[in-house]
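Ligands are counted one by one from 1 in listed order, and the atoms in each one are counted from 1 as well. Throughout, numbering of the chain's residues begins at 1 and tracks the sequence.
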Amino acid sequence: MPLPKAELHLHVEGTLEPELAFELAARNGVKLPYADTDELREAYRFQDLQSFLDLYYELMAVLRTERDFEDLANAYLARAAAQGVRHAEIFFDPQAHTSRGVEMGTVVEGLWRSLGRSVENHGVSTRLIMCFLRDRSAESAMRTLEDARPHLGRIVGVGLDSAEVGHPPVKFREVYEAAAALGLRRVAHAGEEGPPEYIGQALDVLGVERVDHGLRCVEDPALVERLVRERVPLTLCPLSNVRLRTVDTLAAHPLPAMLDAGLMCTVNSDDPAYFGGYAGDNFDAVRTTLGLSEERLRELARNSFLASFLEDDEELRQRYLAEVEAYEFP
Ligand code: ADE
Ligand code: ZN
């Protein structure tokens, strides 16, 4: 039995495996510019975040109907459950769909057809987080928030993703203020490729409760001290960092040093279909390559539930935490 864990950094569009991409392409009459799944997998050699994003957005062309989004989420939840994920807070990128003519309602209600039954079908509790694409305008983000209003019963919070450098958190100040006024929780990608200052901005300007990635905080000792003091959760994604070349090798990943410094780290998968592994694979990789002890792995699992947005069900959080404490490593 795998270690029970929460997944807090997972883009549902990044769980689109090549086999499902071709199945949906056939179903929807979409022509992909790859002969087969092998040729598509060949394209998974990324130089940086942008080279990944280009393929990630291209493949979204196959997602068109509610059933497509339902199938996508079901495939992810089945894989996640098999790797010990008990709770998943799932990102989606509405602008990447609405700009192709797929309506917000199709995306949210399609995902909900899966998420609404996930506890019964997969044994995984879920929350949905809507991300704004930071390389589009703040006005577009604000329109997206407006567009989401009829669906806010399904959405727990907002996030910020896509190409980071040159698109600082401050660009989205008003959007995050509006989201907060609607009672939405706030997270943002910061310090993946962007500088440590973006992490401080995400906290001070956007009022985020968790930082997605936050990896580059290690370049600023005063920021590390603050993140430790305020117990700000960081949703790290080690295999993603290797594939997008934000670290040279997994062996060089700063996770052990970050834990030693007292940072509240969690381990997640980001876009598992593209980066070679789901949540359990990321845990296995850091255990094997970074030599993390069983107590460190338990700490990562504990942190994942402590940092999750389960305030509306504290009893469930306590049950998950008890599972983590009772877990016996094989
Ligand atoms: N969208 C999907 N994956 C992402 C990542 N790792 N960084 C920024 N935006 C993303
Ligand atoms: Zn991400």
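Considering backbone and side-chain N/O of E192, one or more are found under 3.5 Å from N/O of ligand 1. Considering backbone and side-chain N/O atoms, D93 never comes within less than 3.5 Å of an N/O atom of ligand 1.
Comment: D135 does not engage K171 in a salt bridge, judged by the lack of any side-chain N to carboxylate O separation of less than 4.0 angstrom. A salt bridge does not link E120 with R117: every distance from a Lys NZ or Arg NE/NH1/NH2 to an Asp or Glu carboxylate oxygen is 4.0 Å or more. Using a 4.0 Å cut-off between charged side-chain N and carboxylate O, R41 and E19 make a salt bridge. Using a cutoff of 4.0 Å between basic side-chain nitrogens and carboxylate oxygens, E299 and R302 are not scored as salt-bridged.
Proximity of Y56 to ligand 1, defined as any heavy-atom pair under 4.0 Å, is confined to the side chain (atoms from C-beta onward).
Counting protein heavy atoms only, atom 6 (N) of ligand 1 is closest to D270 OD2, 2.7 Å. For atom 3 (N) of ligand 1, the closest non-hydrogen atom on the protein side is D271 OD2, 2.7 Å. Scanning the protein heavy atoms around atom 9 (N) of ligand 1, the nearest turns out to be S162 N, 2.8 Å.
Taking all atoms of both residues into account, the shortest heavy-atom contact from L8 to A307 is CD1-CB, 3.8 Å.
Annotation: protein N, O or S atoms under 2.8 Å of the Zn ion (ligand 2) (waters excluded) comprise H9 NE2, H11 NE2, H189 NE2, D270 OD1.
Side chains of D284 and R287 form a contact here, defined as non-hydrogen atoms less than 4.5 Å apart.
Between Y34 and F22, the gap from one ring centroid to the other reaches at least 6.0 Å.
Nearest-residue assignment for atom 4 (C) of ligand 1 (options H11, H9, H213; heavy-atom criterion): H11.
Below 30°, between 30° and 60°, or above 60°: for F91 and H11 the angle between ring planes is between 30° and 60°, a tilted geometry.
Within a 6.0 Å radius of CD in E230, more than 12 heavy atoms belonging to other residues, nucleotides or ligands are found.
Taking a 4.0 Å cut-off on heavy atoms, F52 registers as neighbouring ligand 1.
Follow the hydrophobic side-chain contacts under 4.5 Å out from V124 and you never reach L316; the two are in separate clusters.
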